[in-house]
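Take a look at the structure set out below.
Both backbone and side-chain heavy atoms feed into the values below; hydrogens, waters and symmetry mates do not. A note on names: the letters A, B, ... follow the listed sequences, proteins ahead of strands, and every chain is numbered from 1.
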Number of protein chains: 2
Amino acid sequence: MINYPQSSRIFLAIDCIIFGFDGKDLKLLLIKRNFEPERGKWSLMGGFLEPSEDLEVGAARILHDLTGLKNVYFEQLAVFGKTDRDPGERTVSIVFFALIKIDEHDSESVRSHNASWIVLDNRPSLIFDHNEMVLKAIEHLRYKAALHPIGFELLQERFTIPQLQKLYEAIYGIPLDRRNFSRKLLSTGLLIDTGFKNSNSTTKKAALYKLDIEKYTEQFHSFWNFMPDSMKQN
Amino acid sequence: MINYPQSSRIFLAIDCIIFGFDGKDLKLLLIKRNFEPERGKWSLMGGFLEPSEDLEVGAARILHDLTGLKNVYFEQLAVFGKTDRDPGERTVSIVFFALIKIDEHDSESVRSHNASWIVLDNRPSLIFDHNEMVLKAIEHLRYKAALHPIGFELLQERFTIPQLQKLYEAIYGIPLDRRNFSRKLLSTGLLIDTGFKNSNSTTKKAALYKLDIEKYTEQFHSFWNFMPDSMKQN
DNA sequence: GCAAAAGTGTTCACATTACACCCATGT
DNA sequence: ACATGGGTGTAATGTGAACACTTTTGC
């Protein structure tokens, strides 16, 4: 029999950073806590890992519980484990990074958790080390969206190039050239023209594209660069 | 008082993937276990997180214990937490990714832990999910070395451009063009010519450079591309 | 002198940039 | 007709890839 030191058992939490995009602003799904600890303050959605569940199962459970969605894009972001990060008991938190299609979530479950979509730039201060977690998630979003086509996870299945451009402008906080952006995207060969047009527009209706899932999967590990070169200096 | 569910306390381990480079091959520092569980088999170096220590402190402790080195480059890689990953007790492992300058380690401490430097491509099968951890670490090394100047962490303070090229060739497993590589590196402005020459060489002695730490720190977040474009297709 | 490795130069192809211009739509 | 936003074209510039050639060193 093996001697596992009893003292090493530690509380393991999961916290989720959930990004959405409404066509104009990047948003975070945050909860105003109506439970202890830190009742009344804002925080990320989280919970404890159950002993019987794998990490990803736990994250999916928490995400589904809040948004009503399955098949959400998420991945591990980092582990936060400073000894004093939770003033109650020592708790190590595994932080997940999630992107959801904002129109598809279940707003009833969001309301019942006392959660709201908050524009990223106007977010309130959060409890514990959740502010740091969000900063890390923003950095990761910028890093990853430049190299991988994860931006698509924030849009509906069919989207227009101008919508995608607004998303990238929101992620990097800079304006992009319409014409160059369009060509850059189309040249990847990842977009399939659905033949439909965006009927919401009041002016010229933009073409609706969808992602070529097959190529997307094939090329997932290639390192693109959707980020403009002008950002590479910093 | 807050009700933290007692059932959520879980064993938290730390495992370290330690890369080194001997001028020719990428190597891993692995231990042949002379303790339970899985005595006699190969594994990564690890240990339990102590309740009083931060995650990074724990990782630094384990790395120092094995190599005798402080100030090792390391970062979180991922958390492995499948319910059945450790057949003994449920254990969640936080995996760290470390790069060390292979000539500077304390080979006495390594020997006393029954550890060895193993050429990456000849590594034995490891216990538990440690093989997966290594695969993830290799992917991370490739990903990161393409975009950040972390390769330098594997070389001595003073190095030649051909040495650096051999390192990148080992990381990506492909030959690189000498002339283009050299120009690409020098054009970053990150290398300072020390004025010394590599005296080991039996032919023309290459110039010894060192990293411009200031620029390195400044530009750490810019996304370079040390990887040849030819690899971007897959 | 010669082999082996280091260092420099040049050309070509292609991607990025910064523009101007045209098209579709609702009022 | 015109304002608004979508779509295409193009010339100048910069970068990467594929080369040839020269220099240094030990034997």
Side-chain angles (χ1 to χ4, degrees), chain A residues 23-24 146-147 155 158-170 172 174-210 219 222-233, chain B residues 23-24 145-147 155 158-170 172 174-210 219 222-234:
Chain A
K24 184 162 163 289
L147 304 171
L155 300 173
R158 288 179 186 172
F159 53 86
T160 69
I161 292 186
Q163 282 167 356
L164 192 60
Q165 184 183 339
K166 288 203 183 68
L167 171 58
Y168 274 88
E169 289 177 333
Y172 296 109
I174 53 164
L176 297 172
D177 185 276
R178 206 163 38 85
R179 295 141 306 183
N180 294 334
F181 183 82
S182 167
R183 231 171 326 100
K184 197 163 185 174
L185 257 292
L186 290 173
S187 74
T188 63
L190 274 180
L191 302 190
I192 299 173
D193 191 333
T194 63
F196 293 91
K197 301 279 177 179
N198 180 9
S199 52
N200 295 342
S201 173
T202 168
T203 64
K204 182 168 178 177
K205 288 158 176 28
L208 283 163
Y209 291 88
K210 63 176 182 178
Q219 302 185 359
S222 73
F223 300 4
W224 289 309
N225 236 326
F226 290 136
M227 196 181 53
D229 284 1
S230 58
M231 274 204 62
K232 290 194 195 176
Q233 301 316 311
Chain B
K24 182 162 165 291
L147 304 171
L155 300 173
R158 289 179 185 171
F159 53 86
T160 69
I161 292 186
Q163 281 168 357
L164 192 60
Q165 184 183 338
K166 289 204 181 67
L167 171 56
Y168 274 88
E169 289 177 334
Y172 297 108
I174 53 166
L176 297 172
D177 185 275
R178 206 162 40 83
R179 296 142 302 182
N180 294 334
F181 184 82
S182 167
R183 230 174 322 101
K184 198 164 185 174
L185 258 292
L186 290 173
S187 73
T188 64
L190 275 180
L191 302 190
I192 300 172
D193 190 333
T194 64
F196 293 92
K197 301 279 179 180
N198 180 9
S199 53
N200 296 341
S201 173
T202 168
T203 63
K204 181 169 180 177
K205 288 159 177 29
L208 284 163
Y209 291 88
K210 63 177 181 179
Q219 301 184 1
S222 74
F223 300 4
W224 288 311
N225 235 326
F226 290 136
M227 198 181 55
D229 284 0
S230 57
M231 274 203 64
K232 291 193 194 178
Q233 300 317 311
N234 293 300

Quick one: pull up NZ in B/Lys166 and OG1 in B/Thr160 and give me the separation to the nearest 0.5 Å.
7.0 Å
Base of D/dA18 paired with side chain of B/Arg178 (donor-acceptor, under 3.5 Å):
no
In whole angstroms, how far is the P atom of D/dG6 from the NZ atom of A/Lys166?
5 Å
Between the base of C/dA20 and the side chain of A/Arg179, is there a donor and acceptor pair under 3.5 angstrom?
yes
Whichever of B/Thr202 and A/Lys197 has its nearest DNA chain C nucleotide further upstream toward 5':
B/Thr202
A/Lys205 side chain N/O closer than 4.0 Å to the phosphate oxygens (OP1, OP2) of C/dG26?
yes
Protein-nucleotide distance (A/Asn180, atom CG; D/dG14, atom P), rounded to Å
16 Å
Rounding to a whole Å, what distance do you find between B/Asn200:CG and C/dA4:C1'?
16 Å
State whether the side chain of B/Gln165 and the backbone N or O of B/Ser182 hold a donor-acceptor pair below 3.5 Å, judged by distance alone.
no
Would the number of heavy atoms belonging to other residues, nucleotides or ligands and lying under 6.0 Å from NZ of B/Lys205 be above 12?
yes
Let me spell it out: for each of B/Asp177 and B/Ser187, pick the nucleotide of DNA chain D with the closest heavy atom. Which residue's pick is nearer the 5' end?
B/Ser187
Check: A/Tyr172 side chain, A/Ala146 main-chain N or O, donor-acceptor pair, under 3.5 Å:
yes
Within this structure, what is the CZ-to-C1' distance between A/Phe181 and C/dC19, rounded to whole angstrom?
19 Å
Is the phosphate of D/dT15 approached by B/Lys184 (side-chain N or O, under 4.0 Å from OP1 or OP2)?
no
Let me know the distance between CZ of B/Arg183 and C1' of D/dA18, rounded to the nearest Å.
10 Å
To the nearest angstrom, how far is A/Leu186 atom CG from C/dA15 atom C1'?
15 Å
Rounding to an integer number of Å, can you tell me how far A/Asn198 CG sits from D/dT4 P?
19 Å
Quickly work out the A/Lys204 NZ to C/dA24 P distance and round it to whole Å.
6 Å
Between B/Tyr168 (side chain) and B/Ala145 (backbone), is there a donor-acceptor pair under 3.5 Å?
yes
